[in-house]
Student: 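Below: one structure in C-alpha coordinates.
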2 protein chains.
Amino acid sequence: MSPKHSVSQDGAGRILAAAILLFGEHGVRGTTLKAVAAEANVSQALIVHHYGTKEGLRAACDEYVADAIRERKEETLAAEPQLDPLMALRHLEHGRPLLRYLIRTLTEGGSHASELIDGMVDDAEHYMAQGERDGVIKSSEAPRDRAALLVIWSMGALALHEHVERLLGVDFLAADAPPESLQRYLRPAIELFMHGLMEENSFDSLAGFLGDTEAPDATKTNHDDKK
Amino acid sequence: MSPKHSVSQDGAGRILAAAILLFGEHGVRGTTLKAVAAEANVSQALIVHHYGTKEGLRAACDEYVADAIRERKEETLAAEPQLDPLMALRHLEHGRPLLRYLIRTLTEGGSHASELIDGMVDDAEHYMAQGERDGVIKSSEAPRDRAALLVIWSMGALALHEHVERLLGVDFLAADAPPESLQRYLRPAIELFMHGLMEENSFDSLAGFLGDTEAPDATKTNHDDKK
DNA sequence: AGACTGACTGAATAAACAGTCAGTCATCAA
DNA sequence: TTGATGACTGACTGTTTATTCAGTCAGTCT
(Lines give C-alpha, C1' and ligand atoms only; values in the text may rest on other atoms or scores of the structure.)
Protein backbone atom coordinates (compact mmCIF):
# COMPACT_ATOMS: atom_id res chain seq x y z
CA MET A 1 0.00 0.00 0.00
CA SER A 2 2.72 2.47 0.85
CA PRO A 3 5.56 2.10 -1.64
CA LYS A 4 8.94 3.43 -0.74
CA HIS A 5 9.46 6.94 -1.96
CA SER A 6 12.96 6.50 -3.25
CA VAL A 7 14.40 3.53 -5.03
CA SER A 8 16.72 1.98 -2.51
CA GLN A 9 19.69 -0.25 -3.11
CA ASP A 10 18.18 -3.55 -2.04
CA GLY A 11 17.07 -6.10 -4.58
CA ALA A 12 13.46 -5.01 -4.90
CA GLY A 13 14.44 -1.38 -5.33
CA ARG A 14 17.13 -2.07 -7.89
CA ILE A 15 14.69 -4.21 -9.84
CA LEU A 16 12.14 -1.40 -9.89
CA ALA A 17 14.69 1.15 -11.07
CA ALA A 18 15.97 -1.21 -13.75
CA ALA A 19 12.43 -1.96 -14.91
CA ILE A 20 11.49 1.73 -15.16
CA LEU A 21 14.67 2.36 -17.12
CA LEU A 22 14.25 -0.51 -19.56
CA PHE A 23 10.47 -0.33 -19.89
CA GLY A 24 10.84 3.35 -20.69
CA GLU A 25 13.59 2.78 -23.21
CA HIS A 26 12.31 -0.25 -25.11
CA GLY A 27 8.71 -0.59 -24.01
CA VAL A 28 7.28 -3.33 -21.80
CA ARG A 29 7.04 -5.86 -24.59
CA GLY A 30 10.51 -5.03 -25.79
CA THR A 31 12.01 -5.73 -22.39
CA THR A 32 12.69 -9.23 -21.07
CA LEU A 33 12.80 -10.18 -17.42
CA LYS A 34 16.28 -11.45 -18.11
CA ALA A 35 17.35 -7.98 -19.19
CA VAL A 36 15.80 -6.41 -16.11
CA ALA A 37 17.57 -8.95 -13.93
CA ALA A 38 20.90 -8.21 -15.60
CA GLU A 39 20.42 -4.44 -15.25
CA ALA A 40 19.59 -4.84 -11.55
CA ASN A 41 22.33 -7.41 -10.94
CA VAL A 42 19.95 -9.98 -9.54
CA SER A 43 18.62 -13.30 -10.68
CA GLN A 44 15.59 -13.51 -12.90
CA ALA A 45 13.82 -15.54 -10.27
CA LEU A 46 14.08 -12.76 -7.73
CA ILE A 47 11.92 -10.53 -9.89
CA VAL A 48 9.17 -13.12 -9.78
CA HIS A 49 9.72 -13.58 -6.07
CA HIS A 50 9.05 -9.89 -5.42
CA TYR A 51 6.55 -8.92 -8.08
CA GLY A 52 4.88 -12.16 -9.07
CA THR A 53 4.59 -11.66 -12.79
CA LYS A 54 5.84 -9.26 -15.42
CA GLU A 55 2.49 -7.50 -15.32
CA GLY A 56 2.90 -7.18 -11.57
CA LEU A 57 6.26 -5.53 -12.11
CA ARG A 58 4.70 -3.17 -14.62
CA ALA A 59 1.97 -2.26 -12.14
CA ALA A 60 4.59 -1.55 -9.47
CA CYS A 61 6.44 0.71 -11.92
CA ASP A 62 3.21 2.54 -12.73
CA GLU A 63 2.51 3.12 -9.07
CA TYR A 64 6.03 4.27 -8.29
CA VAL A 65 6.11 6.73 -11.17
CA ALA A 66 2.64 8.07 -10.39
CA ASP A 67 3.66 8.53 -6.76
CA ALA A 68 6.87 10.31 -7.67
CA ILE A 69 5.04 12.74 -9.93
CA ARG A 70 2.26 13.34 -7.43
CA GLU A 71 4.86 14.04 -4.77
CA ARG A 72 6.75 16.45 -6.99
CA LYS A 73 3.52 18.14 -7.93
CA GLU A 74 2.57 18.84 -4.34
CA GLU A 75 5.99 20.34 -3.76
CA THR A 76 5.94 22.77 -6.65
CA LEU A 77 2.24 23.46 -6.55
CA ALA A 78 2.41 25.85 -3.67
CA ALA A 79 5.55 27.55 -4.95
CA GLU A 80 4.42 29.11 -8.20
CA PRO A 81 1.65 28.63 -10.69
CA GLN A 82 3.24 26.78 -13.60
CA LEU A 83 2.59 28.13 -17.05
CA ASP A 84 3.23 24.72 -18.41
CA PRO A 85 3.06 21.24 -16.86
CA LEU A 86 6.25 20.44 -18.67
CA MET A 87 8.11 22.77 -16.38
CA ALA A 88 7.10 20.89 -13.27
CA LEU A 89 7.88 17.54 -14.83
CA ARG A 90 11.37 18.46 -15.89
CA HIS A 91 12.61 18.54 -12.32
CA LEU A 92 11.70 15.05 -11.23
CA GLU A 93 14.15 13.21 -9.06
CA HIS A 94 15.25 10.45 -11.40
CA GLY A 95 14.21 12.57 -14.34
CA ARG A 96 15.27 10.96 -17.54
CA PRO A 97 14.22 7.34 -16.98
CA LEU A 98 11.07 8.42 -15.20
CA LEU A 99 10.02 10.75 -17.98
CA ARG A 100 10.73 8.12 -20.62
CA TYR A 101 8.50 5.71 -18.73
CA LEU A 102 5.81 8.35 -18.39
CA ILE A 103 5.83 8.99 -22.12
CA ARG A 104 5.31 5.29 -22.79
CA THR A 105 2.25 5.11 -20.56
CA LEU A 106 1.02 8.37 -22.06
CA THR A 107 0.97 7.03 -25.61
CA GLU A 108 0.27 3.37 -24.94
CA GLY A 109 -2.69 4.09 -22.74
CA GLY A 110 -3.28 3.19 -19.13
CA SER A 111 -5.54 4.61 -16.48
CA HIS A 112 -2.67 6.08 -14.46
CA ALA A 113 -1.70 8.35 -17.32
CA SER A 114 -5.29 9.46 -17.82
CA GLU A 115 -5.68 10.44 -14.19
CA LEU A 116 -2.41 12.33 -14.38
CA ILE A 117 -3.44 14.28 -17.47
CA ASP A 118 -6.87 15.03 -16.04
CA GLY A 119 -5.22 16.41 -12.94
CA MET A 120 -3.00 18.62 -15.03
CA VAL A 121 -6.00 19.96 -16.89
CA ASP A 122 -7.72 20.71 -13.61
CA ASP A 123 -4.67 22.59 -12.40
CA ALA A 124 -4.27 24.50 -15.66
CA GLU A 125 -7.92 25.50 -15.64
CA HIS A 126 -7.63 26.65 -12.06
CA TYR A 127 -4.47 28.66 -12.66
CA MET A 128 -5.85 30.31 -15.76
CA ALA A 129 -9.07 31.26 -14.01
CA GLN A 130 -6.92 32.87 -11.34
CA GLY A 131 -4.85 34.61 -14.00
CA GLU A 132 -8.00 35.85 -15.62
CA ARG A 133 -9.13 37.40 -12.35
CA ASP A 134 -5.68 38.97 -12.00
CA GLY A 135 -5.94 40.42 -15.46
CA VAL A 136 -3.00 38.61 -17.04
CA ILE A 137 -4.89 35.87 -18.89
CA LYS A 138 -7.49 36.58 -21.50
CA SER A 139 -10.97 35.16 -21.08
CA SER A 140 -12.12 32.25 -23.20
CA GLU A 141 -15.41 31.02 -24.56
CA ALA A 142 -14.48 27.52 -23.38
CA PRO A 143 -11.97 27.75 -20.52
CA ARG A 144 -11.99 24.04 -19.79
CA ASP A 145 -11.35 23.09 -23.41
CA ARG A 146 -8.62 25.71 -23.66
CA ALA A 147 -6.90 24.28 -20.60
CA ALA A 148 -7.20 20.78 -22.02
CA LEU A 149 -5.73 21.91 -25.31
CA LEU A 150 -2.71 23.55 -23.69
CA VAL A 151 -1.97 20.50 -21.56
CA ILE A 152 -2.31 18.23 -24.58
CA TRP A 153 0.02 20.39 -26.61
CA SER A 154 2.58 20.37 -23.81
CA MET A 155 2.45 16.65 -23.20
CA GLY A 156 2.28 15.96 -26.90
CA ALA A 157 5.49 17.92 -27.37
CA LEU A 158 6.97 15.81 -24.60
CA ALA A 159 5.86 12.64 -26.37
CA LEU A 160 7.61 13.88 -29.52
CA HIS A 161 10.71 14.98 -27.61
CA GLU A 162 12.90 13.26 -30.15
CA HIS A 163 11.62 15.56 -32.89
CA VAL A 164 11.71 18.58 -30.61
CA GLU A 165 15.38 17.93 -30.06
CA ARG A 166 16.09 17.52 -33.75
CA LEU A 167 14.09 20.58 -34.84
CA LEU A 168 14.69 22.98 -31.96
CA GLY A 169 17.74 21.60 -30.23
CA VAL A 170 15.81 21.39 -26.97
CA ASP A 171 16.10 18.27 -24.82
CA PHE A 172 13.02 17.93 -22.65
CA LEU A 173 14.46 14.90 -20.93
CA ALA A 174 17.52 16.63 -19.55
CA ALA A 175 16.47 17.13 -15.95
CA ASP A 176 19.43 19.25 -14.93
CA ALA A 177 19.50 21.54 -17.91
CA PRO A 178 19.02 25.25 -17.19
CA PRO A 179 15.81 27.00 -18.30
CA GLU A 180 17.76 28.95 -20.89
CA SER A 181 18.23 25.75 -22.84
CA LEU A 182 14.50 25.74 -23.50
CA GLN A 183 14.59 29.09 -25.25
CA ARG A 184 13.94 27.91 -28.76
CA TYR A 185 10.83 26.11 -27.53
CA LEU A 186 9.59 28.78 -25.15
CA ARG A 187 10.26 31.82 -27.29
CA PRO A 188 7.84 31.02 -30.12
CA ALA A 189 5.36 29.62 -27.61
CA ILE A 190 5.31 32.83 -25.60
CA GLU A 191 5.23 34.83 -28.79
CA LEU A 192 2.09 32.96 -29.79
CA PHE A 193 0.53 33.27 -26.35
CA MET A 194 1.26 36.99 -26.22
CA HIS A 195 0.32 38.20 -29.67
CA GLY A 196 -1.45 35.27 -31.31
CA LEU A 197 -0.69 33.93 -34.73
CA MET A 198 -3.05 35.78 -37.03
CA GLU A 199 -4.01 39.33 -37.71
CA GLU A 200 -7.37 40.26 -36.25
CA ASN A 201 -8.98 40.99 -39.58
CA SER A 202 -8.34 37.56 -41.04
CA PHE A 203 -11.26 35.84 -39.37
CA ASP A 204 -13.14 35.22 -42.61
CA SER A 205 -10.58 32.89 -44.08
CA LEU A 206 -10.84 30.69 -41.01
CA ALA A 207 -14.59 30.57 -40.54
CA GLY A 208 -14.81 27.64 -42.91
CA PHE A 209 -12.93 25.39 -40.56
CA LEU A 210 -15.73 25.48 -38.06
CA GLY A 211 -18.52 24.70 -40.51
CA ASP A 212 -20.86 27.14 -38.93
CA THR A 213 -19.31 30.39 -37.85
CA GLU A 214 -20.77 30.36 -34.39
CA ALA A 215 -23.35 27.61 -33.76
CA PRO A 216 -21.72 24.77 -31.83
CA ASP A 217 -24.14 22.10 -33.07
CA ALA A 218 -25.13 21.16 -36.62
CA THR A 219 -28.29 19.66 -38.07
CA LYS A 220 -26.95 16.26 -38.95
CA THR A 221 -25.48 14.45 -36.01
CA ASN A 222 -23.97 11.39 -37.57
CA HIS A 223 -23.53 8.43 -35.30
CA ASP A 224 -21.32 6.16 -37.32
CA ASP A 225 -20.74 2.89 -35.55
CA LYS A 226 -17.59 1.87 -37.31
CA LYS A 227 -17.22 -1.56 -38.97
CA MET B 1 11.34 0.25 -56.44
CA SER B 2 7.83 1.40 -57.27
CA PRO B 3 5.44 0.06 -54.66
CA LYS B 4 1.79 -0.32 -55.58
CA HIS B 5 -0.21 2.67 -54.60
CA SER B 6 -3.22 0.85 -53.26
CA VAL B 7 -3.29 -2.33 -51.25
CA SER B 8 -4.61 -4.90 -53.68
CA GLN B 9 -6.31 -8.16 -52.89
CA ASP B 10 -3.46 -10.52 -53.71
CA GLY B 11 -1.42 -12.15 -50.99
CA ALA B 12 1.32 -9.58 -50.75
CA GLY B 13 -1.17 -6.72 -50.60
CA ARG B 14 -3.36 -8.36 -47.99
CA ILE B 15 -0.29 -9.07 -45.89
CA LEU B 16 0.77 -5.44 -46.05
CA ALA B 17 -2.67 -4.19 -45.05
CA ALA B 18 -2.85 -6.69 -42.19
CA ALA B 19 0.61 -5.72 -41.00
CA ILE B 20 -0.16 -2.00 -41.02
CA LEU B 21 -3.34 -2.69 -39.11
CA LEU B 22 -1.80 -4.91 -36.45
CA PHE B 23 1.51 -3.07 -36.15
CA GLY B 24 -0.46 0.12 -35.64
CA GLU B 25 -2.75 -1.43 -33.08
CA HIS B 26 -0.33 -3.46 -30.96
CA GLY B 27 3.07 -2.25 -32.06
CA VAL B 28 5.63 -4.21 -34.05
CA ARG B 29 6.87 -6.19 -31.08
CA GLY B 30 3.35 -6.90 -29.94
CA THR B 31 2.42 -8.42 -33.27
CA THR B 32 3.40 -11.94 -34.34
CA LEU B 33 3.83 -13.08 -37.90
CA LYS B 34 1.21 -15.70 -37.09
CA ALA B 35 -1.31 -12.99 -36.29
CA VAL B 36 -0.48 -11.11 -39.48
CA ALA B 37 -0.88 -14.32 -41.47
CA ALA B 38 -4.25 -15.02 -39.87
CA GLU B 39 -5.48 -11.47 -40.48
CA ALA B 40 -4.43 -11.69 -44.12
CA ASN B 41 -5.74 -15.24 -44.55
CA VAL B 42 -2.43 -16.55 -45.79
CA SER B 43 0.18 -18.87 -44.44
CA GLN B 44 2.92 -17.60 -42.20
CA ALA B 45 5.48 -18.79 -44.69
CA LEU B 46 4.10 -16.58 -47.43
CA ILE B 47 4.99 -13.49 -45.44
CA VAL B 48 8.60 -14.58 -45.40
CA HIS B 49 8.43 -15.47 -49.07
CA HIS B 50 7.42 -11.91 -49.95
CA TYR B 51 9.17 -9.79 -47.36
CA GLY B 52 12.06 -11.89 -46.14
CA THR B 53 11.97 -11.09 -42.45
CA LYS B 54 9.72 -9.34 -39.98
CA GLU B 55 11.96 -6.30 -40.23
CA GLY B 56 11.56 -6.44 -44.01
CA LEU B 57 7.81 -6.39 -43.55
CA ARG B 58 8.11 -3.43 -41.24
CA ALA B 59 10.22 -1.58 -43.78
CA ALA B 60 7.63 -2.28 -46.48
CA CYS B 61 4.91 -0.89 -44.20
CA ASP B 62 6.99 2.21 -43.55
CA GLU B 63 7.48 2.79 -47.22
CA TYR B 64 3.84 2.22 -48.07
CA VAL B 65 2.60 4.60 -45.40
CA ALA B 66 5.14 7.25 -46.30
CA ASP B 67 4.14 6.97 -49.94
CA ALA B 68 0.45 7.21 -49.14
CA ILE B 69 0.97 10.34 -47.11
CA ARG B 70 3.27 11.91 -49.66
CA GLU B 71 0.70 11.20 -52.34
CA ARG B 72 -2.11 12.69 -50.31
CA LYS B 73 0.03 15.71 -49.56
CA GLU B 74 0.66 16.45 -53.21
CA GLU B 75 -3.05 16.26 -53.88
CA THR B 76 -4.11 18.71 -51.20
CA LEU B 77 -1.07 20.90 -51.42
CA ALA B 78 -2.18 22.74 -54.51
CA ALA B 79 -5.77 23.02 -53.31
CA GLU B 80 -5.50 25.13 -50.19
CA PRO B 81 -2.85 26.06 -47.67
CA GLN B 82 -3.56 23.95 -44.61
CA LEU B 83 -3.59 25.68 -41.30
CA ASP B 84 -2.72 22.45 -39.68
CA PRO B 85 -1.04 19.29 -40.96
CA LEU B 86 -3.62 17.33 -39.00
CA MET B 87 -6.24 18.45 -41.48
CA ALA B 88 -4.47 16.92 -44.43
CA LEU B 89 -3.77 13.71 -42.59
CA ARG B 90 -7.35 13.10 -41.57
CA HIS B 91 -8.43 12.36 -45.12
CA LEU B 92 -6.04 9.57 -45.95
CA GLU B 93 -7.40 6.70 -47.96
CA HIS B 94 -7.25 3.93 -45.39
CA GLY B 95 -7.29 6.49 -42.62
CA ARG B 96 -7.63 4.82 -39.29
CA PRO B 97 -5.11 1.97 -39.58
CA LEU B 98 -2.69 4.17 -41.46
CA LEU B 99 -2.84 6.94 -38.88
CA ARG B 100 -2.38 4.46 -36.04
CA TYR B 101 0.70 3.14 -37.76
CA LEU B 102 1.99 6.65 -38.34
CA ILE B 103 1.60 7.48 -34.67
CA ARG B 104 3.67 4.43 -33.73
CA THR B 105 6.56 5.43 -35.96
CA LEU B 106 6.23 9.01 -34.74
CA THR B 107 6.79 8.11 -31.12
CA GLU B 108 9.01 5.07 -31.50
CA GLY B 109 11.44 6.80 -33.79
CA GLY B 110 12.41 6.00 -37.33
CA SER B 111 13.92 8.04 -40.10
CA HIS B 112 10.76 7.95 -42.21
CA ALA B 113 8.82 9.78 -39.54
CA SER B 114 11.55 12.38 -39.17
CA GLU B 115 11.57 13.13 -42.87
CA LEU B 116 7.81 13.42 -42.79
CA ILE B 117 7.82 15.88 -39.92
CA ASP B 118 10.62 17.91 -41.44
CA GLY B 119 8.60 18.17 -44.64
CA MET B 120 5.60 19.37 -42.67
CA VAL B 121 7.68 22.04 -40.99
CA ASP B 122 8.99 23.17 -44.36
CA ASP B 123 5.44 23.45 -45.66
CA ALA B 124 4.19 25.26 -42.58
CA GLU B 125 7.05 27.73 -42.72
CA HIS B 126 6.37 28.36 -46.39
CA TYR B 127 2.64 28.83 -45.91
CA MET B 128 3.09 31.18 -42.99
CA ALA B 129 5.62 33.26 -44.87
CA GLN B 130 3.04 33.55 -47.63
CA GLY B 131 0.36 34.43 -45.09
CA GLU B 132 2.64 37.07 -43.65
CA ARG B 133 3.04 38.65 -47.06
CA ASP B 134 -0.74 38.53 -47.49
CA GLY B 135 -1.21 40.27 -44.17
CA VAL B 136 -3.08 37.48 -42.38
CA ILE B 137 -0.25 36.01 -40.35
CA LYS B 138 1.74 37.99 -37.85
CA SER B 139 5.50 38.17 -38.19
CA SER B 140 7.75 36.25 -35.86
CA GLU B 141 11.23 36.66 -34.47
CA ALA B 142 11.92 33.03 -35.33
CA PRO B 143 9.63 31.90 -38.15
CA ARG B 144 11.26 28.54 -38.56
CA ASP B 145 11.01 27.71 -34.87
CA ARG B 146 7.42 28.88 -34.79
CA ALA B 147 6.55 26.61 -37.69
CA ALA B 148 8.30 23.71 -35.98
CA LEU B 149 6.41 24.37 -32.77
CA LEU B 150 3.03 24.39 -34.47
CA VAL B 151 3.73 21.16 -36.31
CA ILE B 152 4.96 19.53 -33.13
CA TRP B 153 1.88 20.61 -31.22
CA SER B 154 -0.34 19.26 -33.96
CA MET B 155 1.37 15.93 -34.28
CA GLY B 156 1.75 15.68 -30.52
CA ALA B 157 -1.99 16.07 -30.18
CA LEU B 158 -2.36 13.31 -32.74
CA ALA B 159 -0.03 11.11 -30.73
CA LEU B 160 -2.21 11.71 -27.67
CA HIS B 161 -5.43 11.20 -29.61
CA GLU B 162 -6.71 8.91 -26.89
CA HIS B 163 -6.61 11.76 -24.37
CA VAL B 164 -7.95 14.25 -26.89
CA GLU B 165 -10.96 12.03 -27.31
CA ARG B 166 -11.50 11.66 -23.58
CA LEU B 167 -11.04 15.35 -22.78
CA LEU B 168 -12.56 17.00 -25.84
CA GLY B 169 -14.69 14.31 -27.41
CA VAL B 170 -12.79 14.69 -30.66
CA ASP B 171 -11.67 11.60 -32.55
CA PHE B 172 -8.72 12.44 -34.76
CA LEU B 173 -8.66 8.96 -36.18
CA ALA B 174 -12.14 9.04 -37.64
CA ALA B 175 -11.33 9.68 -41.29
CA ASP B 176 -14.89 10.19 -42.44
CA ALA B 177 -16.04 12.47 -39.66
CA PRO B 178 -17.14 15.96 -40.71
CA PRO B 179 -15.04 19.00 -39.77
CA GLU B 180 -17.72 20.09 -37.32
CA SER B 181 -16.76 17.18 -35.09
CA LEU B 182 -13.41 18.85 -34.51
CA GLN B 183 -14.99 21.97 -33.06
CA ARG B 184 -13.96 21.50 -29.48
CA TYR B 185 -10.35 21.11 -30.60
CA LEU B 186 -10.34 23.85 -33.22
CA ARG B 187 -12.30 26.47 -31.33
CA PRO B 188 -9.84 27.03 -28.47
CA ALA B 189 -6.95 26.66 -30.92
CA ILE B 190 -8.27 29.38 -33.19
CA GLU B 191 -9.11 31.48 -30.18
CA LEU B 192 -5.49 31.25 -29.10
CA PHE B 193 -4.16 31.93 -32.58
CA MET B 194 -6.43 34.93 -33.01
CA HIS B 195 -6.18 36.68 -29.69
CA GLY B 196 -3.35 35.00 -27.85
CA LEU B 197 -3.50 33.74 -24.31
CA MET B 198 -2.23 36.62 -22.22
CA GLU B 199 -2.88 40.27 -21.86
CA GLU B 200 -0.27 42.47 -23.46
CA ASN B 201 0.81 44.11 -20.23
CA SER B 202 1.70 40.86 -18.49
CA PHE B 203 5.09 40.46 -20.09
CA ASP B 204 7.03 41.00 -16.91
CA SER B 205 5.76 37.91 -15.17
CA LEU B 206 7.01 35.78 -18.02
CA ALA B 207 10.37 37.35 -18.65
CA GLY B 208 11.93 35.08 -16.09
CA PHE B 209 11.28 32.03 -18.19
CA LEU B 210 13.67 33.21 -20.84
CA GLY B 211 16.51 34.16 -18.56
CA ASP B 212 17.30 37.28 -20.50
CA THR B 213 14.36 39.40 -21.48
CA GLU B 214 15.25 40.09 -25.07
CA ALA B 215 18.77 39.12 -26.08
CA PRO B 216 18.63 35.83 -27.97
CA ASP B 217 22.21 35.00 -27.05
CA ALA B 218 23.69 35.15 -23.59
CA THR B 219 27.26 35.70 -22.48
CA LYS B 220 27.80 32.09 -21.62
CA THR B 221 27.04 29.98 -24.62
CA ASN B 222 26.79 26.62 -23.00
CA HIS B 223 27.70 23.85 -25.33
CA ASP B 224 26.83 20.91 -23.20
CA ASP B 225 27.77 17.77 -25.01
CA LYS B 226 25.40 15.58 -23.13
CA LYS B 227 26.71 12.43 -21.50
C1' DA C 1 5.30 -31.74 -74.04
C1' DG C 2 8.76 -30.12 -71.07
C1' DA C 3 11.36 -26.70 -68.51
C1' DC C 4 10.84 -23.00 -65.65
C1' DT C 5 8.93 -19.42 -62.50
C1' DG C 6 6.64 -17.60 -58.65
C1' DA C 7 2.79 -17.80 -55.39
C1' DC C 8 1.76 -20.57 -51.77
C1' DT C 9 1.75 -24.18 -47.95
C1' DG C 10 2.55 -27.63 -43.66
C1' DA C 11 5.81 -29.22 -40.93
C1' DA C 12 10.05 -28.71 -38.54
C1' DT C 13 13.71 -26.04 -35.77
C1' DA C 14 16.35 -23.44 -32.74
C1' DA C 15 16.15 -19.61 -29.90
C1' DA C 16 13.93 -16.78 -26.51
C1' DC C 17 10.49 -16.23 -23.35
C1' DA C 18 7.82 -15.95 -18.73
C1' DG C 19 7.18 -18.49 -15.00
C1' DT C 20 8.29 -22.89 -11.66
C1' DC C 21 10.87 -25.37 -8.34
C1' DA C 22 13.91 -27.03 -4.96
C1' DG C 23 16.99 -25.45 -2.17
C1' DT C 24 20.97 -22.12 -0.01
C1' DC C 25 22.09 -18.56 3.08
C1' DA C 26 21.58 -14.99 6.49
C1' DT C 27 18.93 -13.05 10.31
C1' DC C 28 16.46 -13.30 14.34
C1' DA C 29 13.32 -14.98 17.94
C1' DA C 30 12.53 -18.78 21.26
C1' DT D 1 20.81 -24.77 19.45
C1' DT D 2 16.84 -24.90 17.01
C1' DG D 3 13.51 -23.39 13.88
C1' DA D 4 11.21 -20.24 11.22
C1' DT D 5 11.23 -16.45 7.83
C1' DG D 6 12.38 -14.19 3.74
C1' DA D 7 15.78 -12.66 0.30
C1' DC D 8 17.97 -14.90 -3.09
C1' DT D 9 19.72 -18.31 -6.74
C1' DG D 10 20.68 -21.99 -10.66
C1' DA D 11 18.55 -25.18 -13.19
C1' DC D 12 14.50 -26.46 -15.42
C1' DT D 13 9.87 -26.35 -18.21
C1' DG D 14 6.24 -25.50 -21.52
C1' DT D 15 5.12 -22.25 -24.70
C1' DT D 16 5.69 -18.91 -28.24
C1' DT D 17 8.51 -16.93 -31.65
C1' DA D 18 10.78 -15.99 -36.18
C1' DT D 19 12.83 -18.43 -39.62
C1' DT D 20 13.96 -22.62 -42.55
C1' DC D 21 12.90 -26.36 -45.48
C1' DA D 22 11.01 -29.27 -48.80
C1' DG D 23 7.77 -29.31 -51.43
C1' DT D 24 2.77 -28.51 -54.36
C1' DC D 25 0.32 -26.16 -57.80
C1' DA D 26 -1.01 -22.99 -61.58
C1' DG D 27 0.49 -20.71 -65.11
C1' DT D 28 3.84 -19.29 -69.11
C1' DC D 29 7.31 -19.41 -72.15
C1' DT D 30 10.01 -22.62 -75.86
Side-chain angles (χ1 to χ4, degrees), chain A residues 1-64 101 104-105 108-110, chain B residues 1-64 101 104-105 108-110:
Chain A
M1 252 305 130
S2 67
K4 308 174 194 70
H5 280 278
S6 77
V7 177
S8 38
Q9 286 307 22
D10 62 358
R14 289 207 312 279
I15 289 171
L16 205 58
I20 289 172
L21 179 72
L22 296 180
F23 284 171
E25 243 174 271
H26 310 112
V28 178
R29 279 207 108 111
T31 303
T32 69
L33 290 187
K34 191 176 160 188
V36 174
E39 178 71 30
N41 270 332
V42 297
S43 71
Q44 192 173 334
L46 187 61
I47 299 176
V48 179
H49 172 68
H50 279 300
Y51 300 101
T53 69
K54 193 182 184 182
E55 178 52 35
L57 177 59
R58 202 195 92 94
C61 290
D62 268 3
E63 196 163 342
Y64 178 86
Y101 185 91
R104 289 276 170 186
T105 67
E108 294 184 2
Chain B
M1 251 303 131
S2 66
K4 306 175 194 72
H5 280 277
S6 77
V7 177
S8 38
Q9 285 306 25
D10 63 359
R14 289 207 313 279
I15 289 171
L16 205 58
I20 290 172
L21 177 72
L22 296 179
F23 284 171
E25 247 174 86
H26 310 112
V28 177
R29 278 209 108 110
T31 303
T32 69
L33 289 187
K34 192 177 161 189
V36 174
E39 178 71 28
N41 269 329
V42 297
S43 71
Q44 195 172 333
L46 185 62
I47 299 176
V48 178
H49 173 67
H50 280 299
Y51 300 101
T53 70
K54 193 182 184 181
E55 179 52 36
L57 177 59
R58 205 196 91 94
C61 290
D62 269 3
E63 195 163 343
Y64 180 84
Y101 185 91
R104 290 276 169 187
T105 67
E108 293 183 5

Student: Hey, what are the protein-to-nucleotides 15-19 of chain C N/O distances that come in under 3.5 Å?
Tutor:
| from | atom 1 | to | atom 2 | distance (Å) |
| --- | --- | --- | --- | --- |
| C/dA18 | OP1 | A/Lys54 | NZ | 3.0 |
| C/dA18 | OP2 | A/Leu33 | N | 3.0 |
| C/dA18 | N7 | A/Gln44 | NE2 | 3.3 |
| C/dG19 | OP2 | A/Lys54 | N | 2.8 |

Student: From A/Thr53 OG1 over to A/Ile47 CD1, what is the distance, rounded to the nearest 0.5 angstrom?
Tutor: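 CD1 of A/Ile47 is found 11.5 Å from OG1 of A/Thr53.
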Student: A/Ala18: what forms a side-chain contact (heavy atoms from CB on, under 4.5 Å) with it, not counting sequence neighbours?
Tutor: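 side-chain contact (heavy atoms from CB on, under 4.5 Å) check on A/Ala18 returns A/Val36, A/Glu39, A/Ala40.
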Student: For A/His26, is there any backbone N or O sitting under 3.5 Å from a side-chain donor or acceptor partner on A/Thr31?
Tutor: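 No, A/Thr31 side chain to A/His26 backbone: no donor-acceptor pair under 3.5 Å.
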Student: With distance as the sole test, does B/Tyr64 use its side chain to make a donor-acceptor pair with the main-chain N or O of B/Ala17 at under 3.5 Å?
Tutor: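 Between the backbone of B/Ala17 and the side chain of B/Tyr64 there is no qualifying donor-acceptor contact (under 3.5 Å).
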Student: Got a donor-acceptor contact below 3.5 angstrom from the B/Arg58 side chain to the B/Phe23 backbone?
Tutor: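 Not a single qualifying donor-acceptor pair exists.
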Student: Nearest 0.5 Å, please: how far is CG in B/Leu57 from CD1 in B/Ile15?
Tutor: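 Reported value, rounded in 0.5 Å steps: 7.5 Å.
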Student: Just by modelled atom types, is the A/Val28 backbone N or O under 3.5 Å from a matching donor or acceptor in the A/Lys54 side chain?
Tutor: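 Present.
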Student: Please list, in 5' to 3' order, the outermost nucleotides of DNA chain D lying under 4.0 Å from any heavy atom of chain A.
Tutor: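 Both ends considered, the range comes out as D/dA7 to D/dG10.
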